[in-house]
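Have a look at the structure below, then the notes.
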Amino acid sequence: MSLVVDGVVARGAFSRVVSISIEPGRPVGLVGPNGSGKSTTLRAIAGLDRLASGTISLDGSVLDGADAFVPAELRGVGVVFQTMRLFPHLTALDNVAFGLRCAGASRHDARGQARRLLTSVGADHVADRRPATLSGGEAQRVALARALAPSPRVLLLDEPFASVDADSRPALRALLRSLVVGSGICSVIVSHDRADISDLTDVVVDLGSAG
Amino acid sequence: MSTAVIESVTPAPRRPWRQPRKVALETTILVVASVVFARFLEAATGLAGVLGLYVGFAVALPVLAIVSVVRKGRNATIDRFATSVLVVAFGVVCIPWISVISTVVRNGSRAFYSGYLTTDMLITGVDDPLNTGGLAHALVGSVLVVLIASFIAVPLGIVAAIYIVEVKGRFAGFVRFLTQAMSGVPSIVAGLFVYATIVIFFGGFSAWAGASALVVLMLPTVARTSEEVLKLVSDDLRAASYALGATQARTTFSVVLPTVFSGLITAAVLGVARVAGETAPLLLTTSYFVKTSTNLNEPIATMPIYIFSSLGIGTENSIARAWGGSLVLLAAVLILFLIARIASNRLSRK
Amino acid sequence: MSTETDVPEIRLISGVRKRTDMLFRGAMTVGALASLVILALIAGFLLFRGFQIFADFGLGFLTSSTWDSGDVNDPTTARFGIAAMLVGSVLIATIAVVVAVPFAMSAALFIEYYAPRAVRTVLTSVLDLIAAVPSVIWGIWGYSVLMPDAEGWAKTLHSWLGWFPLFDVPAPIFGRSPFIAGLLLAMMILPIVTSVAREVYGQAPRDHVDAAYALGGTRWGALRTVVIPFGRSGLVGGAMLGLGRALGETVAVFLVLNLVFDVNFKILASAGGNVASLIASRFGEASPYELKGLMAAGLVLFLVTLLVNAAATAVVKRAKVAV
């Protein structure tokens, strides 16, 4: 059982062949120079872009193929992207509860669950604050909780700690490690920070060399 | 002008538009000299008043501009002349605006007394002294009619914007074209249309009919402004929402719209400002009434019609009342504009 | 791990958008087409109410200048034609555009290329604000402030250029003329034309402007060789938008124009025509049959402005695509 990407990712004039297989609990690190297709690959897995050709499949079932496409909202793929900020109009707690509400939970249940998740990422003290007032590290903890809330089968992280100051990174890395390594989640991490890759991933795919 | 030539001349000054201090000094001297010259011209000829002074200035500035640089060569002379013509033309553009606002304030304040905003014209004739009666009826009526219009036009306008920006439907280009076309509908035609339908069917002038006519005029403004506002929302925010399992409907209503809420307020307020002073359509749909009324099924007074009908009577006091109404209306539009500006500033700071 | 071979059908079903989304998209589509419905209703109802007039007078409705409501009890004595009004509308709107465009152009250039940044921001807001001044206020101002002054200008114009038919007058009365109405409309459409012009001038490629400045050494040289040619089609579009506004304006024109049912090209004379003002002035006391005539006139006005606006939109759009 695993996530398999085997096809051509494309964005604008850019395109390239990507072939990766990701096992649950064994995060894959995606490295390569800027413009080598790392983010494009993540967007394709998340269902935000379509593949130019080929397939993405999860546990043997096709998410994106010649005649099948599961839209992002139905994939159960969690994302922590540098560009995807928290929703500015919601508190940290409601940000985390958002995905649970989408899955049909009542407001009360969703908030209870969200609070537990915030506690597990060590951000329960900021539950009632707006994203604009959070530090980089706090925001990233909340973003992680938000992505994990709907119990995704896949978790995608794009430069997860880029906006976090250096002192907070080891703690966050340890947190992330405890959440994904050995779990049932297939995760992919894109980072320029070598420490992220070596700490968190067993398998490294270098898009810069394969291309 | 060929691009090849342009590219071969690279050493363009970094900030060519910035004028050295010497030029600023020269400009000041030039302008002051022109004003002095205009004073003489005013005294010497029949041109009188502020307008006459400006005509003098408009003649003097280009002439002095040429004289001041003619020794520097042809190009400099043409440049200085063109600049002074632009300045003069810009001044001409501003004169009516300044005149409209200052006249409205000056003449309008004459009609004011302590009860002007709180009394209606039920027991006062339009030609009665200016310390009786007022425009409460028109104020109440305008607020009611515009509010009803907003309740219909604002949601419809936002829906049109959602269709274009969020749904990106097959007819998106067509809907945008229709909105544009609608913004060009003459206001009297909107009134005539509502007369031909609602007024005839329901047998009379009413606030409802007036509001319906205003919807036609308000919808395009709201739709276009909302479209601009929705385009400000970054796609990443939508993507984040989809990735959390939100449907497009939930993404739109729970993420996109709340994020740009103040922008949508701006759209609504601009729509209100657009129609608050519309006169022609209301002539054909609400008619006029001298009593403060909240009955939406009857003729109702509105600010524009109060001004228009007072002016039509043509006596000194009634015309003063028309100016008074103009002042209130202008102030209302100005305040709406400030609100819209503040709301959109809040949006851009986010 | 194989991919292509075992494609379970279940997944394909979940790939279809949720029903709430289909509902949402459908509802938004219906709502968005409200403008289509409204425009169609306007055309439809004005045609429906005015149809009898077209049937009774045919093309004569457009080519005749007689507007006679006749005997109230005998509609056959009535004669309706809007030629004079239509010509007047076009004449006045043309005056407005001809007067407004050079000033709009100068003001736009001044705001965009001469005014300091802070002043530019303020002026841009002022433009928007002035564009929102209600037409009834322009009307009262035009009637009490502009008209007395403009009569004097008209007199001067007549005494110098009276030999030219356009500036001739049958009698020395200069108030309530197409000239004055056109001037007032020019001031009213100035903000919209200026802001369109300002926008297109602002989009002129900065490096070309700078290079031309460096070449010629003067600011005006750069404006003349790069900016003004660049903004030409945008300016045309803005002028046409202004024309559309001017054609449809009612109250302000009504207050400063003497409606006379005669085709008249003497712009300084106290006699002019205007479709919108015709509707506003006759509406109050119109018989049912005359009302139909007004509906027909409204339909003509609606179609003319629609055409002008559609053309303007197309031109402005092309100008922006060209950027």
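The sequence lines fix the lettering, A, B, ..., with proteins before strands; numbering per chain opens at 1.
The distance from atom CG of C:Leu255 to atom OG1 of C:Thr250, rounded to the nearest 0.5 Å, is 10.5 Å. Distance check: B:Ser309 OG to B:Arg321 CZ gives 11.0 Å after rounding to the nearest 0.5 Å. Here CZ of C:Phe45 is found 11.0 Å from CG of C:Leu47. Values are rounded to the nearest 0.5 Å. Expressed to the nearest 0.5 Å, how far CZ of B:Phe337 lies from CG of B:Leu270 amounts to 5.5 Å.
Counting heavy-atom pairs under 4.5 Å between each of B:Gly312, B:Ala82, B:Pro155 and chain C puts B:Ala82 at the top. Of the listed residues B:Phe177, B:Trp97, B:Phe253, the one with more heavy-atom pairs under 4.5 angstrom with chain C than any other is B:Trp97. Listed options C:Gly139, C:Ser125, C:Gly221 were ranked by heavy-atom pairs under 4.5 angstrom with chain B; first place goes to C:Ser125. By number of non-hydrogen pairs under 4.5 angstrom with chain C, the leading residue of B:Leu219, B:Thr252, B:Leu283 is B:Thr252. With chain B as the partner, the residue from C:Ile140, C:Ile137, C:Leu39 showing the most heavy-atom pairs under 4.5 Å is C:Ile140. Contact count versus chain C (heavy atoms, under 4.5 Å) is highest, among B:Val215, B:Val93, B:Val159, B:Asp79, for B:Asp79. With chain B as partner, the option from C:Ala107, C:Pro191, C:Ala27 having the largest number of non-hydrogen pairs under 4.5 angstrom is C:Ala107. Between chain C and the options B:Pro96, B:Ala280, B:Gly277, B:Cys94, the largest number of non-hydrogen pairs under 4.5 Å is found for B:Pro96. Ranking B:Ala160, B:Ser183, B:Ala161, B:Gly184 against chain C, the residue ahead of the rest is B:Gly184, based on heavy-atom pairs under 4.5 Å.
With a threshold of 4.5 angstrom between heavy atoms, B:Ile162 approaches chain C through side-chain atoms but not through N, CA, C or O. Contact of C:Leu190 with chain B is made through the side chain alone, with heavy-atom distances under 4.5 Å. Contacts of B:Ile101 with chain C are made by side-chain atoms alone, with heavy-atom separations under 4.5 Å and no backbone atom involved. Both the backbone and the side chain of C:Phe103 come within contact range of chain B, each with at least one heavy atom under 4.5 Å from a heavy atom of that chain. Of the two parts of B:Leu192, the backbone and the side chain both hold a non-hydrogen atom closer than 4.5 Å to a non-hydrogen atom of chain C. Of the two parts of C:Leu123, only the side chain, counted from C-beta on, holds a non-hydrogen atom closer than 4.5 Å to a non-hydrogen atom of chain B. Within the 4.5 angstrom heavy-atom criterion, atoms from both the backbone and the side chain of C:Leu129 approach chain B. Looking at B:Val167, both its backbone and its side chain come within 4.5 Å of chain C, counting heavy atoms on both sides. If you measure heavy-atom distances from C:Ile42 to chain B, the contacts under 4.5 Å come from both the backbone and the side chain. Contact annotation for C:Val136: both backbone and side-chain heavy atoms come within less than 4.5 Å of a heavy atom of chain B. Contact of C:Val308 with chain B is not made at all, since no heavy-atom distance falls under 4.5 Å. Interface remark: B:Thr103 contributes side-chain atoms only to the contact with chain C (heavy atom separation under 4.5 Å). Heavy-atom distances place no part of C:Leu146 under 4.5 Å from chain B, backbone and side chain included. In this structure, the portions of C:Thr29 lying under 4.5 Å from any heavy atom of chain B include both its backbone and its side chain. B:Ser287 does not touch chain C: none of its heavy atoms, backbone or side chain, sits under 4.5 Å away.
Taking the six-membered ring for Trp and thresholds of 30 and 60 degrees, C:Phe110 and C:Tyr114 have nearly parallel ring planes, at less than 30 degrees apart.
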Passes side chain to side chain contact (heavy atoms under 4.5 Å, CB included), B:Tyr242 versus B:Gln248? Steps please.
CA-CA 7 Å; B:Tyr242 291 138; B:Gln248 188 170 35; 3.6 Å; yes
Would B:Tyr195 and C:Phe283 count as a ring pair (Phe, Tyr, Trp, His ring centres under 6.0 Å) if you check the C-alpha gap in whole Å, the side-chain angles of each, and the deciding distance to 0.1 Å?
CA-CA 11 Å; B:Tyr195 182 85; C:Phe283 177 80; 4.8 Å; yes
B:Tyr288/B:Thr302 under side chain to side chain contact (heavy atoms under 4.5 Å, CB included): CA gap, chis, key distance, verdict
CA-CA 7 Å; B:Tyr288 185 63; B:Thr302 53; 5.9 Å; no
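Residues B:Leu217 and B:Val185 share a closest heavy-atom pair of CD2-O, 3.8 Å. When every heavy atom of B:Thr279 is checked against every heavy atom of B:Pro304, the shortest pair comes out as OG1-CB, 3.4 Å.
Every side-chain contact (heavy atoms from CB on, under 4.5 Å) that C:Asn309 has, sequence neighbours left out, goes to C:Leu241, C:Thr305.
Residue pairs meeting the salt bridge (charged side-chain N to carboxylate O under 4.0 Å, His left out) criterion with at least one partner in residues 122-142 of chain C, sequence neighbours excluded, are B:Arg341-C:Asp128.
C:Phe254 has its ring centre less than 6.0 Å from the ring centre of B:Phe308.
Remark: the backbone N or O of C:Val251 is paired with a side-chain donor or acceptor of C:Glu249 at under 3.5 angstrom.
Proximity to chain C among residues 325-335 of chain B is limited to B:Ser326, B:Leu329, B:Leu330, B:Val333, B:Leu334, judged by heavy-atom separations below 4.5 angstrom.
C:Arg245 CZ: 12 or fewer foreign heavy atoms inside a 6.0 Å radius. Within 6.0 Å of atom OH in C:Tyr201, more than 12 heavy atoms from other residues, nucleotides or ligands are found, so the atom counts as buried in its surroundings.
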Identify every side-chain donor-acceptor pair in residues 168-176 of chain B under 3.5 Å, counting partners at least two apart or on other chains, and give the distances.
from	atom 1	to	atom 2	distance (Å)
B:Lys168	NZ	B:Val165	O	3.2
B:Arg176	NE	B:Glu227	OE2	2.9
B:Arg176	NH2	B:Glu227	OE2	3.0

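Cation-pi contact between C:Arg49 and B:Phe201: present, with separation from the ring centre below 6.0 Å and deviation from the ring axis of at most 45°.
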